Amino acid sequence: TRNRPLPSGRMSAVHGWIIAIVLGYSGVAILAILVNFYSAGLALLTLLLYVLAYTPMKPLSTLNTLIGAVVGAIPPMVGWVAIRGTIDSGGLVLAAILFLWQLPHFLTLAWMYREEYETAGFRMLPSVAGGERILGEATLISAMLLIPLGLLMTSMHLTGLAYSIGSVLIGAWFAWKCLVFYRTRTRVTARRA
């Protein structure tokens, strides 16, 4: 991330803040005017959680990863609500799938780059006492939970048989990669998971 505009010094924090506010609230306004207030509200919630909870939690608590996963799970619900006009069980399952997928993704990244996170002052699970064991378990369990969630989409008649089969096969492959990482934590197994 050091080559991004703010860390590299190509953009000041003030300019970054102004751009973020203008783009963020423009997006929320467009959703409110052209789509519906539910999708605009969820988009605003995403922005607020990111700025007021996720970002400040990074140096304070390892729970920042869970909050970040919530932030990442809301955007599919924005799309769902934009089409359906309401939050229902299908949108919640879709959000749960993305929430659970993000945990192995970000926890393995946190493990691979734990020294860099420590240097930056971020509290990540691999750097706390007992964190590596919890990280391995959370990675494996969340990957395994994706399989029944994928099947749930089909049982709710939101997807067809092809999705169901693909979901099981890809979910089993992902869970296998996470099991290998759980058993033997190396950069190679983390990257593969």
Side-chain angles (χ1 to χ4, degrees), residues 42 45-46 49-50 52-80 87-118 120-193:
L42 284 172
L45 176 63
T46 303
L49 281 174
Y50 191 92
L52 301 176
Y54 172 62
T55 300
M57 288 290 285
K58 287 180 181 181
L60 301 176
S61 172
T62 60
L63 294 177
N64 69 63
T65 305
L66 289 176
I67 295 168
V70 169
V71 170
I74 297 173
M77 287 194 343
V78 173
W80 186 275
I87 297 176
D88 58 25
S89 56
L92 294 172
V93 172
L94 185 61
I97 289 171
L98 195 59
F99 173 83
L100 286 172
W101 172 82
Q102 288 177 99
L103 294 178
H105 174 70
F106 285 112
L107 290 174
T108 53
L109 285 172
W111 187 86
M112 288 172 46
Y113 300 108
R114 59 193 177 277
E115 292 87 12
E116 288 89 340
Y117 280 117
E118 282 182 42
F122 295 156
R123 293 200 27 98
M124 302 302 284
L125 207 46
S127 301
V128 298
E132 284 211 25
R133 180 186 55 77
I134 296 168
L135 177 138
E137 292 169 354
T139 299
L140 179 58
I141 291 168
S142 58
M144 290 171 57
L145 287 172
L146 286 169
I147 297 170
L149 275 178
L151 292 172
L152 185 58
M153 292 291 281
T154 303
S155 71
M156 295 170 70
H157 305 289
L158 297 169
T159 61
L161 182 60
Y163 173 88
S164 184
I165 293 168
S167 177
V168 168
L169 293 175
I170 292 169
W173 176 79
F174 187 38
W176 171 254
K177 295 295 182 181
C178 290
L179 175 63
V180 172
F181 173 71
Y182 170 75
R183 288 183 174 169
T184 309
R185 282 184 283 284
T186 67
R187 285 190 72 82
V188 171
T189 61
R191 187 169 303 282
R192 287 180 180 162

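All figures in this text were calculated on a predicted structure; none of them were measured in a lab.
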K.L.:
Do Val128 and Ile134 touch side chain to side chain, with heavy atoms closer than 4.5 Å?
P.N.:
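Sidechains of Ile134 and Val128: no contact.
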
K.L.:
Please report the interatomic distance CG(Leu152) to CG(Leu94), rounded to the nearest 0.5 Å.
P.N.:
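Separation between the atoms: 11.5 Å.
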
K.L.:
Apply the test side chain to side chain contact (heavy atoms under 4.5 Å, CB included) to residues Leu63 and Arg123: give CA-CA distance (whole Å), side-chain angles for both, the deciding distance (0.1 Å), then the verdict.
P.N.:
CA-CA 9 Å; Leu63 294 177; Arg123 293 200 27 98; over 6 Å; no

K.L.:
Report yes if some heavy atom in the side chain of Phe99 is under 4.5 Å from a heavy atom in the side chain of Leu145; otherwise report no.
P.N.:
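Contact flag for Phe99/Leu145 side chains = no.
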
K.L.:
When the side chains of residues 158-174 are checked against the rest of the protein, which donor-acceptor pairs come out under 3.5 Å, sequence neighbours left out?
P.N.:
unit_1, atom_1, unit_2, atom_2, d
Thr159, OG1, Thr154, N, 3.2
Thr159, OG1, Thr154, OG1, 2.8

K.L.:
To the nearest 0.5 Å, how far apart are OG1 in Thr139 and CG in Leu107?
P.N.:
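Interatomic distance, Thr139 OG1 to Leu107 CG, rounded to 0.5 Å: 4.5 Å.
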
K.L.:
Test Trp80 against Leu92 for side chain to side chain contact (heavy atoms under 4.5 Å, CB included), laying out the working first.
P.N.:
CA-CA 9 Å; Trp80 186 275; Leu92 294 172; over 6 Å; no

K.L.:
Please name the pair of heavy atoms, one in Met153 and one in Gly90, separated by the smallest distance, quoted to 0.1 Å.
P.N.:
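Scanning both residues completely, I find the closest heavy atoms to be SD-O, 4.3 Å.
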
K.L.:
Please check this pair: side chain of Thr189 against backbone of Thr184, looking for a donor-acceptor N/O pair closer than 3.5 Å.
P.N.:
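Yes: the side chain of Thr189 pairs with the backbone of Thr184.
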
K.L.:
For Pro104, does its backbone N or O pair with a side-chain atom of Thr108 as donor and acceptor, under 3.5 Å?
P.N.:
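Confirmed, Thr108 side chain pairs with Pro104 backbone.
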
K.L.:
Going from OG1 on Thr186 to CE on Met112, what distance comes out if it is rounded to the nearest 0.5 angstrom?
P.N.:
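That separation rounds to 9.5 Å.
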
K.L.:
State, yes or no, whether a side-chain contact exists between Thr65 and Met124 at a heavy-atom distance under 4.5 Å.
P.N.:
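They are in contact (side-chain heavy atoms under 4.5 Å apart), so the answer is yes.
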
K.L.:
Can you name the residues that form a side chain to side chain donor-acceptor pair (under 3.5 Å) with Glu116, not counting sequence neighbours?
P.N.:
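Result, side chain to side chain donor-acceptor pair (under 3.5 Å) vs Glu116: none returned.
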
K.L.:
Where is the tightest heavy-atom contact between Glu118 and Ser127, given as atom of each residue plus distance?
P.N.:
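The pair with the smallest heavy-atom distance is OE2-OG, 2.8 Å.
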
K.L.:
What are the two closest non-hydrogen atoms of Ala175 and Met144, and how far apart are they?
P.N.:
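Shortest heavy-atom separation between Ala175 and Met144 comes out as CB-CG, 4.0 Å.
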
K.L.:
Once you round to the nearest 0.5 Å, how far does OH of Tyr182 lie from CH2 of Trp176?
P.N.:
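Answer rounded to 0.5 Å: 14.0 Å.
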
K.L.:
Is there a side-chain contact between Leu98 and Ile74 in this structure, where contact means two heavy atoms from C-beta onward sitting under 4.5 Å apart?
P.N.:
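No, side chains not in contact.
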
K.L.:
Report yes if some heavy atom in the side chain of Arg187 is under 4.5 Å from a heavy atom in the side chain of Trp111; otherwise report no.
P.N.:
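The answer is yes, as the side chains (C-beta and beyond) meet within the 4.5 Å cut-off.
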
K.L.:
Cation over ring, Arg114 on Phe122, under 6.0 Å and within 45°?
P.N.:
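Geometry flag: not set, cation outside 6.0 Å or 45°.
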
K.L.:
Hey, are the side chains of Leu60 and Asn64 touching, using non-hydrogen atoms and a 4.5 Å cut-off?
P.N.:
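The answer is no, as the side chains (C-beta and beyond) never meet within the 4.5 Å cut-off.
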
K.L.:
With sequence neighbours left out, write down each residue that passes ring pair (Phe, Tyr, Trp, His ring centres under 6.0 Å) with Tyr50, or none if nothing qualifies.
P.N.:
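Result, ring pair (Phe, Tyr, Trp, His ring centres under 6.0 Å) vs Tyr50: Tyr54.
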
K.L.:
Go through the steps for Leu100 and Ile141 under the test side chain to side chain contact (heavy atoms under 4.5 Å, CB included), then give the verdict.
P.N.:
CA-CA 9 Å; Leu100 286 172; Ile141 291 168; over 6 Å; no

K.L.:
Who are the side chain to side chain donor-acceptor pair (under 3.5 Å) partners of Arg192, not counting sequence neighbours?
P.N.:
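If we apply the side chain to side chain donor-acceptor pair (under 3.5 Å) test to Arg192, skipping adjacent residues, there are no hits.
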
K.L.:
Sort and list the pairs that fulfil ring pair (Phe, Tyr, Trp, His ring centres under 6.0 Å) and have at least one residue in residues 127-161, not counting sequence neighbours.
P.N.:
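As it turns out, there is no ring pair (Phe, Tyr, Trp, His ring centres under 6.0 Å) pair with a partner in residues 127-161 once direct neighbours are skipped.
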
K.L.:
If you round to the nearest 0.5 Å, how far is SG of Cys178 from CZ of Arg183?
P.N.:
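Rounded to the nearest 0.5 Å, the CZ-SG separation comes to 13.0 Å.
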
K.L.:
Check side chain to side chain donor-acceptor pair (under 3.5 Å) between Thr62 and all other residues, then give those that pass, not counting sequence neighbours.
P.N.:
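Side chain to side chain donor-acceptor pair (under 3.5 Å) list for Thr62, sorted by chain: empty.
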
K.L.:
Does Met57 CE have over 12 foreign heavy atoms under 6.0 Å away?
P.N.:
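Count over threshold, so yes.
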
